[in-house]
Amino acid sequence: MLIYEFQAKALLQELGVVIPAGHLAETVDETRVAAQKLGGQVILKAQILSGGRGKAGGIVAADSAEKAGLAAARLLGKKLITAQSGGRGLVVKKILVEEFVPPGREIYLGLVVDRKNEKLAAIVSQQGGVEIEELSKSCPQAIKKEYFYPEQGLLFFQARNLAYFLDLPEASFKTFLDYLKKLSEFFLLRDMKLLEINPLIIKPDNLLVAADIKMDFDDSGLARQPEISALEDWSELSPEEKKARSFKLNYVKMEGQIGCLVNGAGLAMATMDIIKLFGGQPANFLDIGGGVTEEAVSQAFEILASDRQVKACLVNIFGGIVRCDLVARGLVASARKIDLNKPIVVRLQGTNEAEGRRILGEANLPFYFINDFEQAAQLAVSLSQA
Amino acid sequence: MLIYEFQAKALLQELGVVIPAGHLAETVDETRVAAQKLGGQVILKAQILSGGRGKAGGIVAADSAEKAGLAAARLLGKKLITAQSGGRGLVVKKILVEEFVPPGREIYLGLVVDRKNEKLAAIVSQQGGVEIEELSKSCPQAIKKEYFYPEQGLLFFQARNLAYFLDLPEASFKTFLDYLKKLSEFFLLRDMKLLEINPLIIKPDNLLVAADIKMDFDDSGLARQPEISALEDWSELSPEEKKARSFKLNYVKMEGQIGCLVNGAGLAMATMDIIKLFGGQPANFLDIGGGVTEEAVSQAFEILASDRQVKACLVNIFGGIVRCDLVARGLVASARKIDLNKPIVVRLQGTNEAEGRRILGEANLPFYFINDFEQAAQLAVSLSQA
Amino acid sequence: MSILLDRDSRILIQGITGRQASFHTERMMEYGTRVVAGVTPGKGGQFHLGLPVFNTVEEAVRQKAPDISIIFVPPLAAADAVMEAAAGGLKLIVCITEGIPNLDMLKAKRFLAELGSSLIGPNTPGLISPGQGKAGIMPASIHRPGPVGLISRSGTLTYEAVYQLSRLGLGQSTAIGIGGDPIVGLKFVELLEMFKSDSQTEAVLMIGEIGGQAEEAAAEYLKRSGYPKPVAAYVAGLTAPKGKRLGHAGAIIEGNEGSAQDKVKCLAAAGVRIIENPARIGQTVKELMAERQGN
Amino acid sequence: MSILLDRDSRILIQGITGRQASFHTERMMEYGTRVVAGVTPGKGGQFHLGLPVFNTVEEAVRQKAPDISIIFVPPLAAADAVMEAAAGGLKLIVCITEGIPNLDMLKAKRFLAELGSSLIGPNTPGLISPGQGKAGIMPASIHRPGPVGLISRSGTLTYEAVYQLSRLGLGQSTAIGIGGDPIVGLKFVELLEMFKSDSQTEAVLMIGEIGGQAEEAAAEYLKRSGYPKPVAAYVAGLTAPKGKRLGHAGAIIEGNEGSAQDKVKCLAAAGVRIIENPARIGQTVKELMAERQGN
């Protein structure tokens, strides 16, 4: 789970990491007042749950409270489309108004769960403010990593190795080690997946300021992290996403015309892939999961059917734990509630498939039953292009 | 470093472990008042830094404040000689006055650094109040151990294994797991060597009460444990031990007639052994260590020379880091200060041995120079028996 | 033969008294699998589904000597259960549970490595050696004994693949779900190595998906080892967007790592037959095996 | 030959700029030992005793490729220094420092085990292969090259033993102090195993002391392995009282464990020649070797 920059900065500040002075603003007026308090010269940072804001115009400088207000007026309510936000973009509702930090050396500091090594990695680079993954390809020698065990934590010599690699001024050395220690402990304590300070600015007075921060928490750890769970902002979710979340459906919106309803993540991906293979475009990823209820199936189907981009639906169920008859009942319940004017291709395999088909058949709705995976996909594609 | 029972109980109480109600008393009056507050029926426990108090008469029951006062009068100032206290005994200066805990099931709970497995061990037994080492020989099946890594801590299933082994009543089960968790965390946090609750009493209402507690801390960890270091009671040390401690000398008083001054722990033990081999008795273990100063040698020698049991001294130095001339100078300085009327056998080998002998030779004091280890020991023995 | 599991395997179920565990334990027993005991702390001494229940793995091991443990324990207690199984001496542990925190799994894996225990999962349907035994939650009916070893990161997609294989008369030696989480136990490399020396297995089918580097590692291993048996692979998620988690916690393309395109490229370069159409998994494996026999 | 250390060994000194480290580094170099670099954080780039100083072991390894590191770092930082050496790829680490907390050493040992690095110490004088090199703080002058392998838990008592051996014309192949702490690295068993296959070593002398179970483990190993070379042992502390720490943190008889009497009994039962008189260590080894050659 990603959290907002302003939330992450508040957490860091509690740890004793220096952050730029700043205030959160949700209106033009609040922005102006905040800028005034900060002396006029400020940076406005759109608060959205996605990286790549800068390039998308989400970060704006202003040299007076007046101009800050004008910039806020342009920013608030704007849809930002970043490299990571997906096509639909994210609406700016909050702005972090921060003091202007004069340029200085910028470094990168990251902590991450490293899947490949099955350890944690602390990563630094002398080049801050750039994308670390691109840097790791273009200039691997500019990056240093130290791997450590979660039960042991980052070792002191490892922190020192990183600090020497960065060739820090002596006056910043101890602070950097202190930051690393606190951040790595916080990372472990809070079940994080990723913590990035990028850039960490070395000010001319050698103060280390965390100018931008990204924090991502392990979703599986949230159950024991109530303080972190409480930071989740449901208002960022679309109504469909909210509905999906509340019914424990794995739903990701995409850009195509074919709504997919599948059980199992792998089969759901494969269903998307086969649609693409036959020239169609999936409108979503949707895995109804193993413990799904009739009600949840029904809600899932409503999400698809009410998507105006969707021209046809493909239901692909391989019954195992999930029973085909349960899915069928959910579909029928939903189709009766909404005005179903889209063709639905249904493939049911496995547990109780016959019963499922019987239920759907009796419902007198625009279902196409296809037993073969490939034919089902082909039909869905051609229906979506009709 | 051992701490007193009353100190250990205060630490446990902070952790949330239930201990018997009690007060510390240093006089008869304080004992009486404490007993009064506790309802009259109390246990008086002599506070000395040694186990085996019970057998030595250091634990007394009283059924009224009056009788508690009388018992305290007998106990305070008394020398207790326990199996572990060494011959000279430990003087009772403080009494822990505790409420009487009615008899119930008693269990043993211990945490220890296990040298052999190079892990930590959590140990329990259904038989509390007995010596665990004796039990481990006589009845090993009555004991269960779980080994764990310090960086990982006692695992939950391990705590459960121990709890099931004890066959605890259901109402005590969770409390026991909670105690184990807190105690093992405290053990790790505070650089402990040994933590024993023996017995841990299961009261009829299923409350778990830590009736007696032993805590031993790793001396090497004290430098980072100021709260624990502050618990050390120097008043328990004899004047000689205090002097030795302040000069960083490793000194242990024993019962014989030959004072030993040696550099290095192994050589010091070997020196004691050879004395015994030739029919003598060492009066002490004394390792002056590698970083010793002239002043410290002088103080060390004074400790030996002023011991009235000592009939002869044996100085055995194998110069390596320690220079023989430095030791010689220390000996001479000390011999000039005190009235030296005991024969001193001196063996100097290694770094600057000639210079050392020259210095001692010029001092005109009762030194016998013997180069051979065996002959030196034999002479010391015969001089001590003269 | 088969790998990891055969008709002599003695199965322990941790968390046996739970609803899901009970259901699937019954299915396993119906299939003829030798389930010998269960563990649920606090229910020791009871019987459940006719099986003795113990408070601890230690006790279950002492009394029933199981050699595989299957874990149906809630997410926040599951890593501890995995370690308990390893400490109890179990050499193969199958963790069905989904949603275990990453850090818990990292600790558990280090613990297991030192004890020499192997883990399948977590977040896996488990494994099955058709006709011999089933240690998992997959629908048994679609499986047939046969020559194809199957290693998959997915659940229902594996059932789809098995269904396609069985319909074409191609049975499976052992089919293993390695789990959909970022941190899992045995992965493609270790299992390919086992299939290599399994006489029943004539070809291996890999079902990969986006996220992580397990397919890349497999490709490197296959190349390096001059793998002697034909291998086919389908990798799900060619259409997956970057940075979005698709169902599985492990199915996410992070940064420049883990795209299906990269995985397919690596596998193809290692001589693996790539399956592009997930509806033709069985067909492709059949063709591949026929070609090799033709040589 | 010798074990662990020979004339080609390249030595790194961690904490080189300290007073003790400087003194002993000079002595090692005088002895002809190849000290190649030092590490002191914050002093990287300087030269000390003519040697380059680095901020990190990593950097020292990259530039000077040492294979043994000797650690003279204060107690609370020493375990970290040991782990730094292991992470840097050093396969033998000699930790001179006394007073390292037990828990630090337990963590470091697990870390080293996983990296395959060996540790001598802590709280050790180090080791010497007379005539070849010295990685420690013992007085070199008393040593002679020769056939006796020496393993000791003590410092000055080892010097005494070496002195007695050398005076009788018995040189040493390698003499190793394993350290006086409760938790140390290589112990009798591992080093006996190395001496077993060392052609220069004709007999082994063990110097034990009270505390712990290292001598008991050695006895068991010697018995089990049918050790081919004669072994003599002196165990200090026959007169030691229970529960009192005698100098070394590890020299304490705890409960029923660790008495010199027990150790001597075990060793004797394993065929080890027991030396009762510490003034006759050299003499006894000489007699033992003569007897064996007589056979």
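To find a chain, count down the sequence lines: A is the first, B the second, and so on, and within it residues start at 1.
Heavy-atom pairs under 4.5 Å with chain B were tallied for D:Gly250, D:Pro125, D:Ala260, D:Gly208; the largest tally goes to D:Gly250. Taking chain B as the reference chain and counting heavy-atom pairs below 4.5 Å, the highest number among D:Ala240, D:Pro278, D:Ala251 is found for D:Pro278. Taking chain D as the reference chain and counting heavy-atom pairs below 4.5 Å, the highest number among B:Ile132, B:Asp287, B:Leu286, B:Val252 is found for B:Val252. Contact count versus chain D (heavy atoms, under 4.5 Å) is highest, among B:Gln375, B:Lys137, B:Gln281, for B:Lys137.
For D:Gln164, the part lying near chain B is the side chain, with the backbone staying farther off; criterion is any non-hydrogen pair under 4.5 Å. Heavy atoms closer than 4.5 Å to chain B are found in both the backbone and the side chain of D:Glu160. For B:Lys119, the part lying near chain D is the backbone, with the side chain staying farther off; criterion is any non-hydrogen pair under 4.5 Å. Both the backbone and the side chain of B:Leu188 have a heavy atom closer than 4.5 Å to some heavy atom of chain D. With a 4.5 Å cut-off on non-hydrogen atoms, B:Glu151 touches chain D through its backbone and its side chain both. With a threshold of 4.5 angstrom between heavy atoms, B:Gln152 approaches chain D through side-chain atoms but not through N, CA, C or O.
Contacts of residues 210-224 of chain D with chain B at a heavy-atom distance below 4.5 Å involve D:Ile210, D:Gly211, D:Gly212, D:Gln213, listed in sequence order. For residues 100-117 of chain D, the interface with chain B (any heavy-atom pair closer than 4.5 Å) comprises D:Ile100, D:Pro101, D:Asn102, D:Leu103, D:Asp104, D:Leu106, D:Lys107, D:Lys109, D:Arg110, sorted by residue number. Using a 4.5 Å heavy-atom cut-off against chain B, the contacting residues of residues 178-189 of chain D are D:Asp181, D:Pro182, D:Ile183, D:Val184, D:Lys187.
Counted within 6.0 Å of OH on B:Tyr368, heavy atoms from surrounding residues, nucleotides or ligands total 12 or fewer; the atom is thus considered open. No more than 12 heavy-atom neighbours from other residues, nucleotides or ligands sit within 6.0 angstrom of CD on D:Glu276.
Side chain to side chain, B:Tyr251 and B:Glu240 fail the donor-acceptor criterion of an N or O pair below 3.5 Å.
Residues D:Thr156 and B:Val322 are not in side-chain contact: their nearest non-hydrogen atoms beyond the backbone lie 4.5 Å or more apart. For the pair B:Met192 and B:Leu111, the minimum side-chain heavy-atom distance is 4.5 Å or more. You'll find the side chain of D:Arg245 reaches within 4.5 Å of the side chain of B:Asp219, heavy atoms only.
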Tell me which donor-acceptor pairs under 3.5 Å the side chains of residues 259-277 of chain B have, and how far apart each pair is, sequence neighbours excluded?
unit_1   : atom_1 : unit_2   : atom_2 : d
B:Asn263 : OD1    : B:Phe318 : N      : 2.9
B:Asn263 : ND2    : B:Phe318 : O      : 2.9
B:Thr271 : OG1    : B:Leu267 : O      : 2.6
B:Thr271 : OG1    : B:Asn316 : ND2    : 3.1
B:Asp273 : OD1    : D:Leu238 : N      : 3.0
B:Asp273 : OD1    : D:Thr239 : N      : 3.1
B:Asp273 : OD1    : D:Thr239 : OG1    : 2.8
B:Asp273 : OD2    : D:Tyr234 : OH     : 3.0
B:Asp273 : OD2    : D:Gly237 : N      : 2.7
B:Asp273 : OD2    : D:Leu238 : N      : 3.2

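Under a 3.5 Å cut-off, the side chain of D:Thr124 and the backbone N or O of D:Gly177 do form a donor-acceptor pair. Counting only distance, with no hydrogens or angles, the side chain of B:Ser384 and the backbone of B:Ile258 share no donor-acceptor pair below 3.5 Å. Checking side-chain atoms of B:Glu196 against main-chain N and O of B:Met215 turns up no donor-acceptor pair under 3.5 Å. Using modelled atom types, one side-chain atom of B:Asp114 and one backbone atom of B:Asn117 make a donor-acceptor pair closer than 3.5 Å. A distance-only check finds a donor-acceptor pair linking the side chain of D:Arg153 to the backbone of D:Glu209 [under 3.5 Å].
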Exercise for review: Quick one: do B:Glu227 and B:Arg190 satisfy salt bridge (Lys or Arg N to Asp or Glu O under 4.0 Å)? Show the steps, please.
Suggested key: CA-CA 9 Å; B:Glu227 310 86 336; B:Arg190 291 290 169 245; 3.7 Å; yes
Report task. Walk me through it: do D:Asn123 and D:His248 pass the test side-chain contact (heavy atoms from CB on, under 4.5 Å)? Result -> CA-CA 8 Å; D:Asn123 190 11; D:His248 291 160; 4.1 Å; yes
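Closest heavy-atom contact between B:Glu374 and D:Asn277: OE1-ND2, 2.8 Å. Contact between B:Val381 and B:Gly280 at its shortest, heavy atoms only, is CG1-N, 3.7 Å.
In this structure, D:Arg27 forms a cation-pi arrangement with D:Phe23, its terminal cationic atom sitting closer than 6.0 Å to the ring centre and no more than 45° off the ring axis.
The pair B:Lys253-B:Glu241 does not count as a salt bridge, with every side-chain nitrogen at least 4.0 angstrom from each carboxylate oxygen.
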